[in-house]
Amino acid sequence: MAYQTTRASSQSLSAISPVSAVPMTISCFFQIPTWPANMAIVTVGESGGTHKNQILTSSTRRHATNSVGPTTSAGSATGNNAITFNTWQHIVGVFETSSLRRMSVNGGTFATNTVNVGTQNALNEIRIGADWNPTLGNFFGGDIAEVGVWNVALTQQECTALAKGMTCDKIRPQNLVFYA
């Protein structure tokens, strides 16, 4: 079952983060009916602060990963393919170090970003459908399903398997720390 959010009503879910630092991988399926603007799909970050790692829709109508830390405003890896409306799509963000993040859409080749964001404060909250900077915003409007967070950097092959429908609990289950 998918979690359906309405952007206008500022809906999101939160929990204590199961991972406090990189490396980490965030994965999910999502669909949106229209293009309102930037929307955070899943964020693992510092509650009430600015440090975070997230998968999101970007201002260019693309899929992206984003990291924020103390040394720069953001390091983002953005995919080349445009978001398709009313279609289930898979996105995965792999946050390997403070200076290496990757993302893949529907099992495609990784897009990479190597901006060093510095050592992030302890990441203590996972938020599905929004982010904070330091207040809640960038609310998601659509459906989100099969959210997984691992405390390791998954490989391209593992991310492709997820995009093809492998459930999160079948990919490195010993490192899967959140699954909804």
Side-chain angles (χ1 to χ4, degrees), residues 1-6 11-33 39-47 51-57 62-67 76-79 81 83-84 86-98 100-113 120 122-132 138-180:
M1 174 185 274
Y3 175 63
Q4 186 175 46
T5 61
T6 304
Q11 296 173 324
S12 66
L13 296 173
S14 69
I16 294 171
S17 177
V19 60
S20 62
V22 295
M24 76 174 71
T25 300
I26 306 169
S27 167
C28 74
F29 283 91
F30 76 97
Q31 67 174 348
I32 57 175
M39 294 186 293
I41 304 168
V42 180
T43 304
V44 175
E46 171 191 20
S47 178
H51 297 193
K52 59 189 168 189
N53 297 301
Q54 64 187 159
I55 51 179
L56 66 149
T57 62
R62 304 274 189 250
H63 308 77
T65 60
N66 183 52
S67 295
S76 299
T78 304
N81 48 338
I83 291 169
T84 305
N86 296 311
T87 301
W88 281 104
Q89 299 162 92
H90 183 264
I91 182 170
V92 63
V94 180
F95 305 89
E96 295 186 34
T97 67
S98 62
L100 180 58
R101 63 212 49 81
R102 302 177 191 277
M103 63 85 56
S104 175
V105 177
N106 299 324
T109 304
F110 278 145
T112 301
N113 176 273
Q120 297 172 320
L123 306 175
N124 60 5
E125 183 176 338
I126 182 170
R127 174 90 38 192
I128 299 172
D131 73 0
W132 51 92
N138 290 333
F139 291 97
F140 187 81
D143 300 314
I144 302 171
E146 290 290 314
V147 176
V149 177
W150 291 260
N151 61 5
V152 295
L154 296 182
T155 67
Q156 175 77 60
Q157 294 79 15
E158 291 167 324
C159 294
T160 299
L162 288 166
K164 289 182 177 181
M166 180 69 67
T167 57
C168 296
D169 59 333
K170 302 293 189 274
I171 304 288
R172 289 205 225 182
Q174 71 278 14
N175 296 108
L176 180 65
V177 294
F178 181 89
Y179 185 31

Check: Is Asn113 reaching over with its side chain to a backbone N or O of Ala77, donor-acceptor style, under 3.5 angstrom?
Finding: no

Notebook entry, point to check: To the nearest 0.5 Å, how far apart are CG in Leu123 and NE2 in His51?
Noted result: 9.0 Å

Note to self: Looking at Arg172 and Asp169, would you say the former's side chain and the latter's main chain have a donor-acceptor pair under 3.5 Å?
What the structure shows: no

Name the atoms and distances for all side-chain donor-acceptor pairs under 3.5 Å in residues 103-111, with sequence neighbours left out.
residue : atom : partner : partner atom : Å
Ser104  : OG   : Gly108  : N            : 3.2
Ser104  : OG   : Gly108  : O            : 2.6
Asn106  : OD1  : His90   : N            : 2.7

Next item on the list: Give the minimum heavy-atom separation between Ile171 and Trp150, together with the two atoms involved.
Entry: O-NE1, 2.8 Å

Check: Which heavy atom in Pro18 sits nearest to a heavy atom in Phe178, and how many Å separate them?
Finding: CG-CB, 3.6 Å

Notebook entry, point to check: Of all heavy-atom pairs between Asn66 and Ser76, which one has the smallest distance, and what is that distance?
Noted result: OD1-OG, 2.8 Å

Note to self: Would Ile128 and Ile144 count as a side-chain contact (heavy atoms from CB on, under 4.5 Å) here? Give the steps.
What the structure shows: CA-CA 8 Å; Ile128 299 172; Ile144 302 171; 3.8 Å; yes

Check: Under a 4.5 Å cut-off applied to non-hydrogen side-chain atoms, are Ile83 and His63 in contact?
Finding: yes

Notebook entry, point to check: Are Ser12 and Phe139 side-chain neighbours, meaning at least one heavy-atom pair lies under 4.5 Å?
Noted result: yes

Item checked: Sidechain-backbone polar pair: Trp88 side chain, Ala145 backbone, donor-acceptor under 3.5 Å -> no

Note to self: List the residues meeting salt bridge (charged side-chain N to carboxylate O under 4.0 Å, His left out) with Glu96, not counting sequence neighbours, and say none if there are none.
What the structure shows: Arg102

Margin query: Return the CG to CE distance between Asn175 and Met24, rounded to the nearest 0.5 Å.
Written below: 13.0 Å

Checklist line | Side-chain (Trp132) to main-chain (Glu46) donor-acceptor, under 3.5 angstrom | finding: yes

Check: Rounded to the nearest 0.5 Å, how far apart are OG of Ser27 and CG of Leu154?
Finding: 8.0 Å

Next item on the list: Mark yes or no for whether Thr97, through its side chain, and Leu100, through its backbone, hold a donor-acceptor pair below 3.5 Å.
Entry: yes

Notebook entry, point to check: Any donor-acceptor pair under 3.5 Å linking the side chain of Thr57 with the backbone of Met39?
Noted result: yes

Next item on the list: Locate the shortest heavy-atom distance separating Ala40 from Leu56; write the atom from each residue and the value.
Entry: CA-CB, 4.0 Å

Next item on the list: Measure the spacing between OG1 of Thr65 and CD1 of Ile26 and express it to the nearest 0.5 Å.
Entry: 9.0 Å

Note to self: So, taking the atom named OG1 in Thr84 and the one named CD1 in Ile32, what distance separates them when rounded to the nearest 0.5 Å?
What the structure shows: 9.0 Å

Check: Between Leu162 and Phe29, is any pair of side-chain heavy atoms under 4.5 Å apart?
Finding: no

Checklist line | Considering all heavy atoms, the nearest Thr25-Ala153 contact | finding: OG1-CA, 3.5 Å

Next item on the list: Nearest 0.5 Å please: distance from the CG atom of Asp131 over to the CG atom of Asn138.
Entry: 4.5 Å

Checklist line | Minimum-distance pair of heavy atoms, taken over all atoms of Asn53 and Phe95 | finding: OD1-CD2, 3.5 Å

Notebook entry, point to check: Have Ser67 and Arg101 got a donor and an acceptor in their side chains that come within less than 3.5 Å?
Noted result: yes

Item checked: Listed partners of Asn124 passing side-chain contact (heavy atoms from CB on, under 4.5 Å), at least two apart -> Ser47

Note to self: Quick one: does any side-chain atom of Thr87 pair with a main-chain N or O of Gln31 as donor and acceptor, under 3.5 Å?
What the structure shows: no

